[in-house]
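In what follows, chains carry the letters A, B, and so on, assigned in the order in which the sequence lines appear, proteins first and then strands, with residues in each chain numbered from 1.
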Amino acid sequence: MGNLDDLNLAQRAAVEAGPGPILVLAGPGSGKTRVLTHRIVYLIQDLDIAPWRIMAVTFTNKAAREMRHRVDSLLGAKSSGLTMGTFHATCARMLRRESENLLGYDGNFLIFDTADQRQVAKQALQDLALDDKKFSPNRMLSGISTAKNELVTPEQYAASNYISEITRRVYQRYQEILVANNAMDFDDLLMNTVLLLDDRPDVLERYQRKYQYILVDEFQDTNTAQYELLKRLVNSQGNIFVVGDADQSIYKWRGADFRNLIRFREHYPNAQLILLEQNYRSTQVILDAAKAIIRHNRERVDKELFTDRKGGSQIIIREAYNDVEEAELVVNTIEQIMLEGVHLGDCAVMYRTNAQSRVLEEAFIRAGINYRLVGATRFYGRREIKDLVAYLRLVHNLADSVSFGRVINTPTRGIGKKTMQTLSQWAQREGRQPGEALIQLIEEPDIAHPFSGRALSSLTRFGNMLRDWISMKDRLTIGELLDTIIDGSGYRLFIDDGTAEGRDRWANVMELRNVAVEFDELTLSEFLEQVALVADIDDLEEDPDAPTLLTLHAAKGLEFPVVFIVGLEEGMLPHSRSLDEADELAEERRLFYVGLTRAMDRIYLSHAFRRTTYGGTEVSVPSRFIQDIPEELLEGGSSGQRRRESQRRVSSWNWSSQTTSHSNRSGIERDARQKTTVRQVLPEPSSGQSLAKDEKKPVLTEAQYRTGQQVHHHKFGNGIVIESKLTGNDEEVVVAFSGSDVGIKKLVASLAKLEIKE
DNA sequence: GGATCTCATGTTTTT
DNA sequence: CATGAGATCC
């Protein structure tokens, strides 16, 4: 009785379906998480299945957490024992538990992230005396990853040409290095689990007996390894429940194959099929636009998505002069719709590539608006964090040569390339990893070794420190261990050099320390696993009042009242790397579809006339996807009209850009037709900031703010004006705020609404 | 051995 | 442009 009354007929049918295999095809916003959680509750409560007999897998920790949370709130504490997590985390757990059956690994194995993988690939290339310019580590890694996703081991790898023969050799060596490091990469977690189950029928049988019910979210994102894993785990009762939507398949590049949905039906011909077609999220307008977009893809089964939310705001498409102005457009529009009662937290800005976030961030900062950013420079990707995690990893697993290499001379302690090389060679001769060799050097004074003088004393000092840390790692909490390492290594002096950047980095270190203290009850092994398997999206906090900036990929599974999708240009979305293959183009379209269907109420689409890609700016063409949205769903003119307008602007901008540096603004002012377009496209020109502000505001001739003035900002508090200058028709004010965590900010006067306090 | 500079190089999406 | 690798200077 997990509140089945809250469900519609199809949802309810899914929740209560079975026994046997069940395939739920769930359109966007059709309540699939709801169905999954209710299904779990139903199994436990109505069918009396013990929670520990249920496994539910997702693709992100966030999804898993959310599901557990919902199950718990429906069920109370009775869900304990439930296996719920990402594919990767679930596999890692199984592998650790079965580590004695794993050839070459022990239960302390580490998980290597992408940066670590690159190091290993480089090492492999070096070991094979191959030129890493001719065979780029990335290329090698992608070949290796593809193989692993297809469950192809180095021995099985069939080389069909020169480059694949190289890949095969590198793969082989790469794998040897991983084993020597007692480390697995992400793909290994999946592949090794499958290999283990194939290798050990007794283990397989144990798991099959244990898990009577398996549930899978986002099934369209499974790759071969994941699919095969599930196939093995499902026992003869065949109680597997999968939810997916081929139209939201956006991870082909990671080996995902939505045809697994079809394979599922072939493999389980008796599978019950349930369609969730009612959308509870979006307005009719949004849904119609999304359907119009996705309909262009071939090779798909059309779902009859429908919603009760008839009508709705029309979709707004705008062109900005360049990416900076596009960002301003977004910010201005957000400020404007706030007047209509929209909250900052209701808004999301989505883009194709992480690189696009910067311009947006800058625009939000100028406007003094907080934002939350998903991804881009992930916390655990920062240098200082990686350094310290490397220390922890090395202490935990002395065999980790990647961490060893990272840490041995950070902070610098007089161990250079030469010494490092000698150490590696010596270690290799002794059949050990460099870290192990170093400890041996410390503990066996009589051992023959190739070091002397300065190198020896540096090595000894570091080795002693390392040995001490290892000896206390089990007595100390992770926080204490981290403190000891920071202290002993002199890391603080190294990183906190007094500059603003140094302070930021130190602040990050302290943040890591907080995390460590927070996870104090975890073992070091668990902590490191946690660190390795977090995704960017995982630490998205719940609704602070700030707009969210994220990639379209990261947006999957989320919803927002107001969605902005920026950079709708050929080469951007669809991305240039996908233009010459129909499959990839179809995936870009799905990506756009995913973005559109995140929106509940309003959608703003934009593209820039010129875009700054690394180096210069390039003129861009509006995305082909825009033309696929029916005109009656758009506000402001037909697409044909817009295209003509944009053609005209091309000439006017080209013309004006040669004369003034603020060509965009003057260009707009000079082109009467452009004004018309802007007006048409704006939601409410009357209340309008946004581009239209240029027309209405008198040009500023004198600065409002002066150096030394005391000012107040609603968010940053009190401060003193350091500098103020006119920029075109606005004023840029630099203010030093007294709040210690605020510091110096550059603000745009018309947006920041500074009060002068004199 | 180490720091600093220059140059090239390449950029999708992520567990 | 932002990062990394190699060259150069201390």
Side-chain angles (χ1 to χ4, degrees), chain A residues 57-64 85-92 111-115 117-119 122 131-133 136-139 141-142 145 148-149 184-191 218 221-223 225-226 249-256 323 350-359 374-378 380-381 383 408-422 453-455 458 494 497 529-538 550-556 567 571-579 584 587-588 590-592 594-595 612-617:
Chain A
V57 277
T58 61
F59 277 85
T60 65
N61 294 299
K62 186 172 189 292
T86 63
F87 270 99
H88 295 268
T90 307
C91 286
I111 298 163
F112 272 7
D113 68 15
T114 321
Q117 284 177 268
R118 261 220 344 248
Q119 285 304 115
K122 276 187 186 167
D131 183 357
D132 66 354
K133 290 207 180 75
S136 81
N138 284 338
R139 191 164 172 195
L141 284 172
S142 105
S145 177
K148 288 183 178 179
N149 287 332
M184 297 192 193
D185 65 19
F186 293 129
D187 301 320
D188 281 336
L189 294 173
L190 304 173
M191 183 168 81
E218 310 275 17
D221 287 337
T222 50
N223 60 31
Q226 286 157 335
S249 156
I250 54 176
Y251 286 106
K252 178 178 188 287
W253 51 275
R254 217 166 79 188
D323 45 0
M350 302 174 187
Y351 36 81
R352 176 67 234 264
T353 68
N354 274 309
Q356 291 170 267
S357 76
R358 244 193 50 194
V359 191
V374 178
T377 46
R378 35 181 311 180
Y380 289 104
R383 190 186 350 142
I408 177 109
N409 204 28
T410 353
T412 48
R413 47 175 73 90
I415 302 173
K417 217 169 144 189
K418 188 80 196 300
T419 312
M420 189 54 206
Q421 207 176 4
T422 317
R454 240 190 7 220
S458 301
F494 171 69
D497 53 4
E529 177 170 319
Q530 192 105 154
V531 167
L533 293 180
V534 285
D536 294 326
I537 189 71
D538 292 337
L550 74 183
T551 62
L552 288 160
H553 281 91
K556 191 158 67 119
M572 211 70 221
L573 182 67
H575 194 271
S576 52
R577 306 267 285 227
S578 65
L579 292 179
E584 305 207 5
E587 179 139 318
E588 297 290 304
R590 290 194 293 270
L591 197 50
F592 186 40
V594 166
T612 345
T613 38
Y614 55 108
T617 67

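If you measure from atom CG of A:L189 to atom P of B:dT15, you get 13 Å, rounded to the nearest angstrom. Counting to the nearest Å, the C1' atom of C:dT3 and the CG atom of A:N354 are 16 Å from each other. B:dT14 atom P lies 12 Å from atom NE2 of A:H575, rounded to whole Å. Atoms NZ (A:K62) and P (B:dT14) sit 15 Å apart, rounded to a whole Å. Summarising the geometry, the separation between CD1 on A:I415 and P on B:dG2 is reported as 8 Å, rounded to the nearest angstrom. Summarising the geometry, the separation between CG on A:L190 and P on B:dT14 is reported as 18 Å, rounded to the nearest angstrom. The distance between atom CG of A:N223 and atom C1' of B:dT13, rounded to the nearest whole Å, is 15 Å. In this structure, CG of A:L533 is placed 10 Å from P of B:dT15, rounded to the nearest angstrom.
Judged as a side chain to side chain donor-acceptor pair (under 3.5 Å), and not counting sequence neighbours, A:R454 has no contacts. Residues passing the side chain to side chain contact (heavy atoms under 4.5 Å, CB included) test with A:S145, sequence neighbours excluded: A:N149, A:D187. Partners of A:S142 by side chain to side chain contact (heavy atoms under 4.5 Å, CB included), not counting sequence neighbours: none found. The side chain to side chain donor-acceptor pair (under 3.5 Å) check on A:S578 picks up nothing, with sequence neighbours excluded.
Here A:W253 lies parallel enough and close enough to stack on the base of B:dT13, with planes under 30° and ring centres under 5.5 Å apart.
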What nitrogen or oxygen pairs link the protein and nucleotides 4-10 of chain C at under 3.5 Å?
{"residue": "C:dA5", "atom": "OP1", "partner": "A:K122", "partner atom": "NZ", "Å": "2.3"}

Detail all sub-3.5 Å separations between protein N/O atoms and N/O atoms belonging to nucleotides 3-5 of chain B.
{"residue": "B:dA3", "atom": "OP1", "partner": "A:T412", "partner atom": "OG1", "Å": "3.4"}

Would you please test A:M572 and A:Y351 for side chain to side chain contact (heavy atoms under 4.5 Å, CB included) and show each step? CA-CA 9 Å; A:M572 211 70 221; A:Y351 36 81; over 6 Å; no

Would A:D221 and A:K556 satisfy side chain to side chain contact (heavy atoms under 4.5 Å, CB included), going step by step from the backbone distance to the final call? CA-CA 11 Å; A:D221 287 337; A:K556 191 158 67 119; 2.3 Å; yes

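Ring planes of A:Y251 and A:H553: tilted class, angle from 30 to 60°.
Residue contacts shown for A:L591 are absent, as no nucleic acid heavy atom lies under 4.0 Å away. If you check every strand for non-hydrogen atoms under 4.0 Å, A:F59 touches sugar and phosphate atoms only. As judged by a 4.0 angstrom heavy-atom cut-off over every strand, A:D113 is placed among residues making no nucleic acid contact.
Across B:dT13, B:dG1, B:dT15, the shortest atom-to-atom separation from the side chain of A:T551 is found for B:dT13. Comparing B:dT14, B:dT15, B:dG1 against the side chain of A:T419 picks out B:dG1 as the nearest. In this structure, the nucleotide among B:dT15, B:dT13, B:dG1 sitting nearest to the side chain of A:T60 is B:dT15. The nucleotide whose nearest atom lies closest to any side-chain atom of A:T114 is, among B:dT15, B:dT13, B:dG1, B:dT15.
When each of A:G416 and A:H88 is assigned the nucleotide of DNA chain B bearing its nearest heavy atom, the one mapping closer to the 5' terminus is A:G416.
Rounded to the nearest 0.5 Å, atoms CG (A:L552) and CD (A:E588) are 9.0 Å apart.
The side-chain heavy atoms of A:I408 and A:T419, taken from C-beta on, include no pair separated by under 4.5 Å.
In summary, the aromatic rings of A:H88 and A:F59 are positioned with their centroids too far apart to meet the 6.0 Å limit.
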